[in-house]
Amino acid sequence: MSNFSQLRLSSSLIKRFKVRFAAATATVERRRAFTTTEGSRPTIVHKRSVDILHDPWFNKGTAFSMTERDRLDLRGLLPPNVMTEEQQIQRFMVDLKRLEVNARDGPSDTNSLAKWRILNRLHDRNEAMYYKVLLDNIEEYAPIVYTPTVGLVCQNYSGLFRRPRGMYFSAADRGEMMSMVYNWPADQVDMIVVTDGSRILGLGDLGVQGIGIAIGKLDLYVAAAGINPQRVLPVMIDVGTNNEKLLKDPLYLGLQEKRLDGDEYLSVIDEFMEAVFTRWPHVIVQFEDFQSKWAFKLLQRYRDTYRMFNDDVQGTAGVAIAGLLGAVRAQGKPMIDFPKQKIVVAGAGSAGIGVLNAARKTMARMLGNTDTAFQSARSQFWVVDANGLITEERSNIDPEASPFARKVNEVGRQGLSEGASLAEVVKKVKPDVLLGLSAVGGLFSKEVLEALKDSTSTRPAIFAMSNPTKNAECTPRQAFSTVGDNIIFASGSPFGDVDLGDGKVGHCNQGNNMYLFPGIGLGTLLSGARLISDGMLQAAAECLAAYMKEEEVLQGIIYPSISSIRDITKEVAAAVVREAIEEDLAEGYRDMDVRELRKLNQEETLQYVENNMWNPHYPTLVYWKE
Ligand SMILES: NC(=O)c1ccc[n+]([C@@H]2O[C@H](COP(=O)([O-])OP(=O)(O)OC[C@H]3O[C@@H](n4cnc5c(N)ncnc54)[C@H](O)[C@@H]3O)[C@@H](O)[C@H]2O)c1
Ligand SMILES: O=C(O)C[C@H](O)C(=O)O
Ligand SMILES: [Mg+2]
């Protein structure tokens with residue numbers, strides 16, 4: 001053997017030795033990463049923040065102690081409850097076993113959760129591919145990443161939690177939020193969806209597990225509005241929970257204390273808003289699934305200062321208005337007939353009241369926008385909540401609902417009184433529209449639907465808008481089979497169309513705020529509007545209403561198919577941009593300053609919106625060391 005080959009041999013031996021040595025060290029480090037407890041010899045890491053969480057050797061997930069979270073810039077990147085190794089494994093095992101049980105028993109949701117897991121794993125390892133799959137199959141997978149499966153995901157989030165996504169601000173972080181926001185790796189954030197988990201869909205208080213809804217909504221922002229996924233941020237504000245089951249659950253990931261209330265609560269939300277708008281002054285914040293008690297107050301508190309809106313109050317209202325106008329057209333009447341519609345609303349929470357206010361304003365505008373018109377529009381609504389028909393006799397009436405309380409003598413003439421049941425109200429009023437935002441599954445019972453057969457409308461409309469599926473006030477099958485083939489039907493969660501026989505189809509529309517919030521956010525972003533005005537929201541709703549063609553509406557199709565959600569969102573965003581310019585709220589976006597924006601005609605605005613929508617594809621990568 002020549003000296004030269006000896007040299008080669010020895011260098012390859014050294015290399016092999018080095019590899020083995022590195023592997024052995026890594027094994028030791030990995031073991032340490034799992035077993036080191038505070039106080040024993042630490043492992044030196046050369047990573048921080050999300051890079052640690054994404055490294056399977058060093059990641060401890062929810063078991064990072066508070067001091068480690070601070071040392072490693074992890075604060076805010078994990079749910080607040082620190083878990084022991086045993087709890088972590090227990091949580092994982094409970095989840096694993098549940099899947100086995102589900103698979104054996106075969107309940108209807110088995111496949112949807114399994115699909116969610118598979119998609120979620122793809123989301124964690126390849127964003128572009130994930131969104132391509134979602135966009136190319138939106139009809140099939142929107143119900144998995146969004147409503148209704150997202151509700152099930154939130155309910156089971158303790159078990160499903162794997163890699164953290166988004167930020168968590170907790171009551172324990174007061175005074176720290178301004179610095180914590182810098183733990184988020186992206187320098188630019190366009191959209192935040194924030195929840196406090198207090199009213200997740202119709203499922204009530206799910207505490208920290210509500211993060212799932214923020215993630216699901218942002219998935220639609222990427223898929224429908226083409227917001228760049230690197231610039232979205234789901235946020236959970238954990239101020240505790242009043243859910244007794246979660247308070248006692250040893251595997252719960254959130255703060256196990258009662259919800260903060262009053263000024264203490266407000267101070268947490270204030271601090272969060274200040275922190276995110278300090279780091280990202282141009283961000284847009286969508287409030288999602290806050291209990292009604294706070295939804296309105298927070299909206300009033302922030303809407304004149306920050307670029308924010310409440311999806312449940314304002315997004316839902318716009319979608320409902322578009323559907324209500326569609327229902328008028330479906331009767332073969334012009335939209336201007338809307339102020340004549342008699343509308344019974346079941347549910348006077350954030351969503352119900354949002355819809356009532358918007359519908360009343362729309363009627364008033366159609367009647368000449370005078371004070372008298374606004375006052376008279378009020379008499380088109382009958383509102384029923386958990387305590388029955390709301391009249392002026394109601395004690396402790398919620399201030400948001402009080403403008404819709406009926407006068408006692410007025411309803412007396414109809415044979416109704418304070419607290420009358422929904423069935424009685426429908427029997428006596430014979431409404432054109434029955435709209436549910438009550439979160440009570442099956443509320444539109446056989447008796448209620450039978451009563452609607454006497455509606456004075458030629459084509460009564462039923463909006464069973466509560467989510468998820470089991471909370472729908474009725475199914476389309478129940479509605480068509482009881483009230484008749486000629487009705488208009490919409491539900492918040494997706495249902496299939498109903499076969500009415502003889503080749504006829506009972507169309508099931510999906511009346512969900514997903515048709516508006518992505519366009520509201522995108523339009524606000526691209527106009528650079530300082531605020532989100534009522535006019536911008538109205539423009540979005542009108543655009544959605546106008547999207548449907550006459551022949552579709554006459555067939556009972558009042559909302560578009562989700563497969564065209566990108567196109568709808570583009571139109572809605574363009575309408576929002578134009579309105580923001582009109583109202584002098586636009587400040588421009590990137591190279592497009594206000595003067596340039598003003599020059600765009602309708603077609604060019606649409607083109608501008610389209611050009612700014614992110615599409616999932618792989619860019620070519622090059623390495624550059626700064
Ligand atoms: N389709 C959509 O786009 C959409 C949008 C927002 C909210 N929602 C759904 O609307 C529902 C309500 O949301 P929210 O934020 O208004 O909730 P909320 O808890 O604030 O309000 C629920 C309302 O329903 C009333 N209610 C309860 N039981 C009733 C009964 N038996 N009869 C009549 N009314 C009853 C309550 O008194 C309350 O006024 C949820 O299921 C949510 O998922 C749907
Ligand atoms: O999330 C949805 O599907 C709609 C709405 O925001 C809701 O709270 O139900
Ligand atoms: Mg919501």
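Read the numbers this way: they start at 1 and go in the same order the structure lists the ligands and their atoms. It should be emphasised that the depicted structure is a prediction, and the values quoted were computed from it without experimental measurement. All residue numbers in this chain count up from 1 along the given sequence.
- Residue-level proximity to ligand 2 for D289 is carried by the side chain, the only part with a heavy atom below 4.0 angstrom.
- Between Y302 and Y306, the two ring planes are tilted [angle within 30° to 60°].
- Neither the backbone nor the side chain of N471 has any atom closer than 4.0 Å to an atom of ligand 1 (non-hydrogen atoms only).
- For N513, heavy-atom contacts with ligand 1 shorter than 4.0 Å involve the backbone as well as the side chain.
- For the pair M465 and ligand 2, no heavy-atom separation below 4.0 Å is found.
- The proximity of K217 to ligand 2, defined as any non-hydrogen pair under 4.0 Å, is limited to the side chain.
- Taking all atoms of both residues into account, the shortest heavy-atom contact from P431 to S455 is O-OG, 2.7 Å.
- Counting heavy atoms closer than 4.0 Å to ligand 1, residue M514 contributes nothing at all.
- Only protein atoms were considered; those of element N, O or S under 2.8 Å from the Mg ion (ligand 3) number 3.
- Contacts between N512 and ligand 2, counted as non-hydrogen atom pairs separated by less than 4.0 Å, involve the side chain only.
- Residue R199 touches ligand 2 through its side chain alone, judged by heavy-atom distances below 4.0 Å.
- Taking any N or O of N467, backbone or side chain, at least one lies under 3.5 Å from an N or O belonging to ligand 1.
- In terms of protein heavy-atom proximity, atom 26 (N) of ligand 1 is closest to A386 N, 3.5 Å.
- Among A351, S491, G354, the residue whose heavy atom lies nearest to atom 7 (C) of ligand 1 is A351.
- What sits closest to atom 17 (O) of ligand 1 on the protein, heavy atoms only, is R199 NE, 3.7 Å.
- Remark: E127 engages R165 in a salt bridge, criterion side-chain N to carboxylate O under 4.0 Å.
- Considering only non-hydrogen atoms, atom 30 (C) of ligand 1 lies nearest to L443 out of L443, N387, L201.
- Using a 4.0 Å cut-off between charged side-chain N and carboxylate O, D124 and R162 make no salt bridge.
- Listed by first and then second residue, the side-chain hydrogen bond (donor to acceptor under 3.5 Å, both in side chains) pairs that reach into residues 313-324 are T316-N513, sequence neighbours excluded.
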